[in-house]
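Since we're looking at a predicted model, the values are computed, not measured. Counting from 1, the numbers follow the sequence of the chain as shown.
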Amino acid sequence: PALVDLVGAVCGVGLFAIVRKRPDAARTLAFLICALLILRGLDPFRFSMSPTPFGWTPLGASFASERAPAVFVLLQKCWWYGVAVWLVGRAGAPAWGAAGLLAVLLGGIEATQMWLPGRTPEITDPLLAIAMALLLRISAANRTVRAVRPVNS
């Protein structure tokens, strides 16, 4: 691992130790992950004067890229957006409210990326947030059904 990875891990453990004892930990973590998504989405913060066209085809950039890196980026985004939806839900937002909030946030980031050179603004990220909320909802429903179902002997 690179030095930045080790520093990030140490900071993450430290943040966890501090935040886990707070009663509003979910709210704090939801805010932090949303802030992190904004920072990651707008990096390198160098805007151009001419916008890049917005891609309305879901996964268009992924299909146009090499397969292995595209799959890695897609899985990474699924993880980030799934965690964000889950944390916003844990902070008190209703499940679909969390998905909507993240979809709007990611849509704003994607719209801003039109003026960031080297970025590919498209509809995929907001749709991934909604898909992650749907998967979390299905997972929670399956867990509830299994917990209620009687055990046969």
Side-chain angles (χ1 to χ4, degrees), residues 1-13 15-16 19-20 24-146:
L3 178 61
V4 69
D5 296 327
L6 296 175
V7 170
V10 169
C11 289
V13 169
L15 182 64
F16 174 76
V19 171
R20 74 181 175 102
D24 61 342
R27 201 170 288 139
T28 302
L29 290 173
F31 172 79
L32 288 174
I33 196 143
C34 288
L36 180 66
L37 289 175
I38 292 169
L39 290 174
R40 287 173 51 97
L42 300 181
D43 183 49
F45 304 101
R46 282 182 242 127
F47 295 92
S48 70
M49 295 303 284
S50 58
T52 304
F54 191 86
W56 290 99
T57 305
L59 300 170
S62 297
F63 290 135
S65 302
E66 290 185 40
R67 190 171 312 235
V71 169
F72 177 75
V73 168
L74 184 65
L75 291 175
Q76 194 176 36
K77 286 181 177 187
C78 287
W79 187 87
W80 281 110
Y81 304 158
V83 168
V85 167
W86 183 77
L87 280 172
V88 171
R90 292 284 297 205
W96 293 113
L101 175 74
L102 263 296
V104 167
L105 175 72
L106 293 170
I109 291 169
E110 291 295 318
T112 305
Q113 284 182 355
M114 291 173 58
W115 286 273
L116 287 170
R119 300 309 281 269
T120 308
E122 62 177 0
I123 194 69
T124 301
D125 290 5
L127 294 178
L128 280 178
I130 294 168
M132 292 297 100
L134 180 63
L135 288 174
L136 288 170
R137 184 83 169 159
I138 290 169
S139 173
N142 285 340
R143 197 170 40 250
T144 304
V145 168
R146 275 192 236 130

*Asks:* With rounding to the nearest 0.5 angstrom, report the CZ to CD distance, F47 to Q113.
*Replies:* 9.5 Å

*Asks:* Any donor-acceptor pair under 3.5 Å linking the side chain of R119 with the backbone of D43?
*Replies:* yes

*Asks:* Kindly determine whether W96 and L134 satisfy side chain to side chain contact (heavy atoms under 4.5 Å, CB included), including the steps that lead there.
*Replies:* CA-CA 9 Å; W96 293 113; L134 180 63; 4.0 Å; yes

*Asks:* Quick one: CG on L106 to CD1 on I38, what's the gap to the nearest 0.5 Å?
*Replies:* 9.0 Å

*Asks:* So for atom CD, which belongs to Q76, do other residues, nucleotides or ligands contribute more than 12 heavy atoms lying within a distance under 6.0 Å?
*Replies:* yes

*Asks:* Does the side-chain hydrogen bond (donor to acceptor under 3.5 Å, both in side chains) test come out yes or no for T120 and E122, once each step is laid out?
*Replies:* CA-CA 6 Å; T120 308; E122 62 177 0; over 6 Å; no

*Asks:* State the CG-CZ distance between D24 and F31, to the nearest 0.5 angstrom.
*Replies:* 12.0 Å

*Asks:* Side chains of T124 and S62: closer than 4.5 Å at any heavy-atom pair?
*Replies:* no

*Asks:* Heavy atoms, side chains only, cut-off 4.5 Å: are L102 and Y81 in contact?
*Replies:* no

*Asks:* Do side-chain atoms of T112 reach the backbone of G108 as a donor and acceptor pair under 3.5 angstrom?
*Replies:* yes

*Asks:* Quick one: closest heavy-atom pair of A99 and A133, and the distance?
*Replies:* CB-CB, 3.3 Å

*Asks:* A side-chain contact here means heavy atoms from C-beta on lying under 4.5 Å apart; do I109 and D125 qualify?
*Replies:* no

*Asks:* If you look at every heavy atom in A30 and A91, which pair is closest and at what distance?
*Replies:* CB-CB, 4.1 Å

*Asks:* Taking all non-hydrogen atoms of both residues into account, name the closest pair between V85 and A98 and its distance.
*Replies:* O-CB, 3.7 Å

*Asks:* Are any non-hydrogen side-chain atoms of L128 and L74 less than 4.5 angstrom apart?
*Replies:* yes

*Asks:* What's the spacing between I130 CD1 and R137 CZ if we round to 0.5 Å?
*Replies:* 14.5 Å

*Asks:* Locate the shortest heavy-atom distance separating P121 from P53; write the atom from each residue and the value.
*Replies:* CG-O, 3.7 Å

*Asks:* What distance do L127 atom CG and M132 atom CE have between them, rounded to the nearest 0.5 Å?
*Replies:* 11.5 Å

*Asks:* Mind listing the closest non-hydrogen atom pair of P58 and W56 along with its distance?
*Replies:* CD-O, 3.3 Å

*Asks:* Once you round to the nearest 0.5 Å, how far does SG of C11 lie from CG of L6?
*Replies:* 11.0 Å

*Asks:* Decide yes or no for L87 and L32: does some side-chain heavy atom of the first lie under 4.5 Å from some side-chain heavy atom of the second?
*Replies:* no

*Asks:* Under 6.0 Å from the CZ atom of F54, do we count more than 12 heavy atoms belonging to anything else shown?
*Replies:* yes

*Asks:* With side chains defined as the heavy atoms from C-beta onward, is the minimum distance between L116 and F45 less than 4.5 Å?
*Replies:* no

